[in-house]
Amino acid sequence: MLTAMVHGTMPTARNAWLPWLNHITKDGERTGIRDAALVTKRGSVSSHTPQFQLSAKEIESLNNLFHNKRVNKIKLLGRTYIINSLDDKHLTAFSGKRFLIVCPSQTMYVVVQSDRLRERLTETVTWLEHLCAKLSSRNY
């Protein structure tokens, strides 16, 4: 994982991103993250937890959302989320008790959801923004 990041080559195999996915989801008790996906802005899925695979059309919706910040909702995986906050560094949205956070890096989106994020939302957003800054610094 780190070798690929240092050399700046984009891993293409899904399992090349699995260590990143595990890093994002391993502290689920602390962060509240239940599901996650790493997707490229071009529309492919690099890695995802079971039952959390976004389609190319949903990734296109994320691209459009970050370019048109006047939208107030997004539909992912059959669920409509109401946007709570949206800027260049992150998107937070909710659907009932379920929260969604999307953080863009240079070439990817880190997408996470949780049904226990409310009390840790600010902390988790900051942590994911930091992770995406690391990805961007490595040209990902």
Side-chain angles (χ1 to χ4, degrees):
M1 169 185 73
L2 292 177
T3 303
M5 288 181 59
V6 169
H7 296 295
T9 58
M10 178 69 137
T12 55
R14 286 182 190 211
N15 63 359
W17 287 101
L18 190 56
W20 283 92
L21 187 68
N22 290 338
H23 179 67
I24 292 166
T25 58
K26 76 174 179 174
D27 288 336
E29 286 298 316
R30 183 181 60 79
T31 63
I33 295 172
R34 186 181 68 170
D35 292 305
L38 296 162
V39 299
T40 69
K41 291 181 178 180
R42 292 175 297 181
S44 63
V45 176
S46 298
S47 191
H48 64 89
T49 56
Q51 311 299 316
F52 200 68
Q53 183 170 359
L54 280 67
S55 68
K57 186 175 181 178
E58 290 171 322
I59 297 167
E60 182 181 340
S61 293
L62 289 174
N63 279 327
N64 293 337
L65 191 67
F66 276 96
H67 288 97
N68 177 12
K69 295 181 178 64
R70 292 175 290 217
V71 179
N72 61 4
K73 62 184 174 180
I74 185 169
K75 187 171 185 174
L76 294 177
L77 301 167
R79 185 179 286 268
T80 301
Y81 292 89
I82 305 301
I83 296 172
N84 184 43
S85 173
L86 174 61
D87 61 28
D88 292 336
K89 292 185 178 184
H90 75 272
L91 153 81
T92 59
F94 64 93
S95 178
K97 292 183 178 182
R98 187 166 294 171
F99 280 83
L100 178 77
I101 303 173
V102 181
C103 290
S105 69
Q106 187 171 329
T107 62
M108 305 180 79
Y109 294 110
V110 175
V111 184
V112 303
Q113 78 170 355
S114 172
D115 50 9
R116 297 180 296 123
L117 260 176
R118 183 175 210 128
E119 60 276 357
R120 294 188 171 109
L121 185 61
T122 302
E123 172 189 349
T124 303
V125 167
T126 301
W127 183 79
L128 286 170
E129 285 178 351
H130 180 71
L131 180 95
C132 286
K134 281 186 176 184
L135 287 169
S136 291
S137 74
R138 305 292 198 278
N139 295 322
Y140 294 123

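On a predicted model such as this, the values are computed, not experimentally measured, just so you know.
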Original post:
Testing Val45, Val39, Asp35 for side-chain contact (heavy atoms from CB on, under 4.5 Å) with Gln53, which one passes?
Top reply: Val45

**OP:** Write out all pairs satisfying salt bridge (charged side-chain N to carboxylate O under 4.0 Å, His left out) with one or both partners inside residues 56-67, taking only residues at least two apart or from two chains.
**Re:** none

Original post:
Taking only residues two or more places apart in sequence, or in another chain, which ones meet Ser85 in a side chain to side chain contact (heavy atoms under 4.5 Å, CB included)?
Top reply: His90, Thr92

Original post:
For Ser44, which residues count as a side chain to side chain donor-acceptor pair (under 3.5 Å) partner, sequence neighbours excluded?
Top reply: Thr40

**OP:** Please report the C-alpha distance between Val102 and Leu65 in whole Å, then the side-chain angles of each, then the deciding distance to 0.1 Å, and finally whether the side-chain contact (heavy atoms from CB on, under 4.5 Å) criterion is met.
**Re:** CA-CA 11 Å; Val102 181; Leu65 191 67; over 6 Å; no

**OP:** Give the minimum heavy-atom separation between Ile59 and Gly43, together with the two atoms involved.
**Re:** CD1-O, 3.4 Å

Subject >> Spacing of Ile24 atom CD1 and Leu38 atom CG [to the nearest 0.5 Å] >> reply: 4.5 Å

Original post:
Which atom names give the shortest non-hydrogen contact between Thr49 and Leu21, and what distance separates them?
Top reply: N-CD2, 3.7 Å

Original post:
Parallel under 30°, tilted from 30 to 60°, perpendicular over 60°: which one fits the rings of His23 and Trp20?
Top reply: perpendicular

Original post:
What distance do Lys75 atom NZ and Ser95 atom OG have between them, rounded to the nearest 0.5 Å?
Top reply: 10.5 Å

Subject >> Inter-residue atom distance Ser55.OG - Leu76.CG, 0.5 Å rounding >> reply: 8.0 Å

**OP:** Please report the shortest heavy-atom distance between Thr107 and Tyr140, naming the atom on each side.
**Re:** OG1-C, 2.7 Å

Original post:
Roughly how far, to the nearest 0.5 Å, is the CG atom of Leu100 from the OG1 atom of Thr80?
Top reply: 11.5 Å

Subject >> Of all pairs that satisfy salt bridge (charged side-chain N to carboxylate O under 4.0 Å, His left out), the ones with a partner from residues 123-132, not counting sequence neighbours >> reply: Arg30-Glu123

Original post:
For Ser136, which residues count as a side chain to side chain contact (heavy atoms under 4.5 Å, CB included) partner, sequence neighbours excluded?
Top reply: Ser105, Gln106

Original post:
Roughly how far, to the nearest 0.5 Å, is the OG1 atom of Thr126 from the CG atom of Leu121?
Top reply: 9.0 Å

Original post:
What residues form a ring pair (Phe, Tyr, Trp, His ring centres under 6.0 Å) with Phe66, not counting sequence neighbours?
Top reply: Tyr109

Subject >> Distance, nearest 0.5 Å, that separates CG of Leu77 from CD of Gln113 >> reply: 7.0 Å

Subject >> Sequence neighbours excluded, every pair satisfying salt bridge (charged side-chain N to carboxylate O under 4.0 Å, His left out) that has a member inside residues 77-91 >> reply: Lys69-Asp88

